[in-house]
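So the structure is just underneath, and the comments pick up after that.
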Number of protein chains: 2
Amino acid sequence: MNGACPLFGPSQEPRDCGSCSHGNGRARTELLPKQLLHLEGDPATTIYGVLEGFLRETRTLEDGRIVGLRIVRPGDLVGTETLSRDSYQCTVEALTGARLCRATLPELERNLLAQPSEGLRLSRAVEDGASRLRDGMVALGSMSAEERVKSALLQLIGEVPAGTWVTLPLTRKELGELLGLALATVSRTIQKLARAGLLEVRGRRVRVPPTSTPRTERLVR
Amino acid sequence: MNGACPLFGPSQEPRDCGSCSHGNGRARTELLPKQLLHLEGDPATTIYGVLEGFLRETRTLEDGRIVGLRIVRPGDLVGTETLSRDSYQCTVEALTGARLCRATLPELERNLLAQPSEGLRLSRAVEDGASRLRDGMVALGSMSAEERVKSALLQLIGEVPAGTWVTLPLTRKELGELLGLALATVSRTIQKLARAGLLEVRGRRVRVPPTSTPRTERLVR
DNA sequence: CGGTATCTTGAATTTCCTCAAAAAGCGTGG
DNA sequence: CCACGCTTTTTGAGGAAATTCAAGATACCG
């Protein structure tokens, strides 16, 4: 989960990212849980690659409604608005502690000239972000509350073997913002999945039951 | 609306895109209305830039539900999945007649080595696509049917002066897929906007009333 | 002009939301 | 370790919004 800088490519500790234009020290940013990386509207100066931790990207409407766009995970880029606009379009906030590498536009340009053969890397990483957004749109545009919650939880639980407790990095409210659902609906739906035997829930901790024999009963409210 | 190749940058007719590696002829694709560019799952070989016309990007769920991801307009890129996966993630279909320029991955790489100073152009264009997706997510995630329809229509009507009739390139069904709404809801909502005086509607033709004094009456069902 | 696809509209129903209160979880300081 | 306060979560009841189903109207194409 380390050593690969999403901005400049894989590299060995401790000397690398020489192209980050910071001598042999790298340009890094560390965040504590709940810390903001930037707000929408801030001048867009820096693009970041996530080395460790989880963040989330949101947008806020005039009336205060918050929309979650995606969960940002290790390997992902944030702040890519820097490439084509002068202020950030969305807000990025750490959900857990996080370590990021970073670069400004001039640094990226310099790196590009130094290693043109790596030139598609950045485009590829930006495309990966777009791909995740497409997945989110599919969920929002065509899935029921239950389907959305189920797929989001599965993503968040990830690769962990069944039976392992996982602490979700999101509150129900944040999940709701991400899934386009009200807090109460998220909670209810999670309970419904739990009653159906697909999931065990203890507040923010969650797991797939070890002997995962989903009850055959039909899901009911 | 022409002469600017979203893939390789602005250029003068008729000799340009020399970097398209097709001598001085350019690599172009022309589409008729309703014609498919590619289906999700097809091997991803080619990335396209739209020169003229409108297309739409969709995804289909196993059960046949279709989700509209975005309307693709001149200046936009499609098929960017080519950069980071080996099959297309979404389906692209022409809504109107369309002209595209195109390039394969090796062509992009060749171009990059030839003109490293242009290297951020592609990343920027991919980011523009992501930015549009974020706008779509905000609509799906937090807006009511009325808000979604209103903002979509305004986008589709675009820069045209008030009073000009515009033919929407989408059916109600397609609009619904794009906005995460049922066909009937789209139709009803459009009629509601019309009754409120915000819009005149004649089937697929639409305009902002010439003396656009929106009726002061409250919008009612 | 006829045939087909698209659009409009109604009625009944489902899904999800809002409001609100109670329960549970969590951290802190005594 | 427990009590306290605070945040988060659960749950209920009622209501609003959007869906489904279906019929009829309109527009479009050859």
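Chain letters run A, B, ... following the sequence lines, proteins first and then strands; every chain starts at 1. Since this is a predicted model, take the numbers as computed values, not measurements.
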[X] [atom1] - [N] [atom2] separation (whole Å):
X: B:L168; N: D:dA27; atom1: CG; atom2: P; answer: 15 Å
X: A:K192; N: C:dT15; atom1: NZ; atom2: C1'; answer: 9 Å
X: B:I190; N: D:dT26; atom1: CD1; atom2: C1'; answer: 15 Å
X: A:E177; N: C:dC16; atom1: CD; atom2: C1'; answer: 17 Å
X: A:R204; N: D:dC6; atom1: CZ; atom2: P; answer: 18 Å
X: A:L199; N: D:dT10; atom1: CG; atom2: P; answer: 11 Å

Q) Going by number, which of residues 181-188 of chain A have a non-hydrogen atom under 4.0 Å from DNA chain C? A)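 Residues of residues 181-188 of chain A that come under 4.0 Å of DNA chain C are, in numerical order, A:L181, A:A182, A:A184, A:T185, A:R188.
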
Q) Of the nucleotides C:dT9, C:dT6, D:dT9, which has the atom closest to the B:R195 side chain? A)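 Nearest to the side-chain atoms of B:R195, counting from C-beta on, is C:dT9.
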
Q: May I ask you to say what B:G176 touches in the nucleic acid, namely base, sugar-phosphate or nothing, with a heavy-atom cut-off under 4.0 Å?
A: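 Contact class for B:G176: none.
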
(Q) Classify B:R205 by what it touches in the nucleic acid, base, sugar-phosphate, or nothing, heavy-atom distance under 4.0 Å. (A)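 B:R205: backbone/sugar contact only, no base atoms under 4.0 Å.
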
**Q.** First of A:R148 and B:R172 reached from the 5' end of DNA chain C, by closest nucleotide
**A.**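 It is B:R172 whose nearest nucleotide is closer to the 5' end.
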
Q: On DNA chain C, check which nucleotide each of A:G203 and A:M143 is closest to and give me the residue with the more 5' one.
A: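 That would be A:M143.
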
Check: [Y] main-chain N/O paired with [X] side-chain donor or acceptor under 3.5 Å:
X: A:R102; Y: A:Y48; value: no
X: A:R204; Y: A:T167; value: no
X: A:E40; Y: A:T60; value: yes
X: A:T96; Y: A:F54; value: yes

(Q) Does this structure show an ion pair linking A:R73 with A:E159, if we count only N-O contacts that are shorter than 4.0 Å? (A)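 Between A:E159 and A:R73 there is no salt bridge, as every charged N stays at least 4.0 Å from the carboxylate O atoms.
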
(Q) Do the side chains of A:R132 and A:E57 get close enough for a salt bridge, i.e. N-O under 4.0 angstrom? (A)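 The answer is no: the pair does not qualify as a salt bridge.
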
Q.
For a 4.5 angstrom cut-off between non-hydrogen side-chain atoms, does A:T46 reach A:H38?
A.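 Heavy-atom side-chain distance check fails, nothing below 4.5 Å.
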
Q) Is the distance from OP1 or OP2 of D:dT9 to the nearest side-chain N or O of A:Q191 less than 4.0 Å? A)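 Negative; the distance criterion is not met.
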
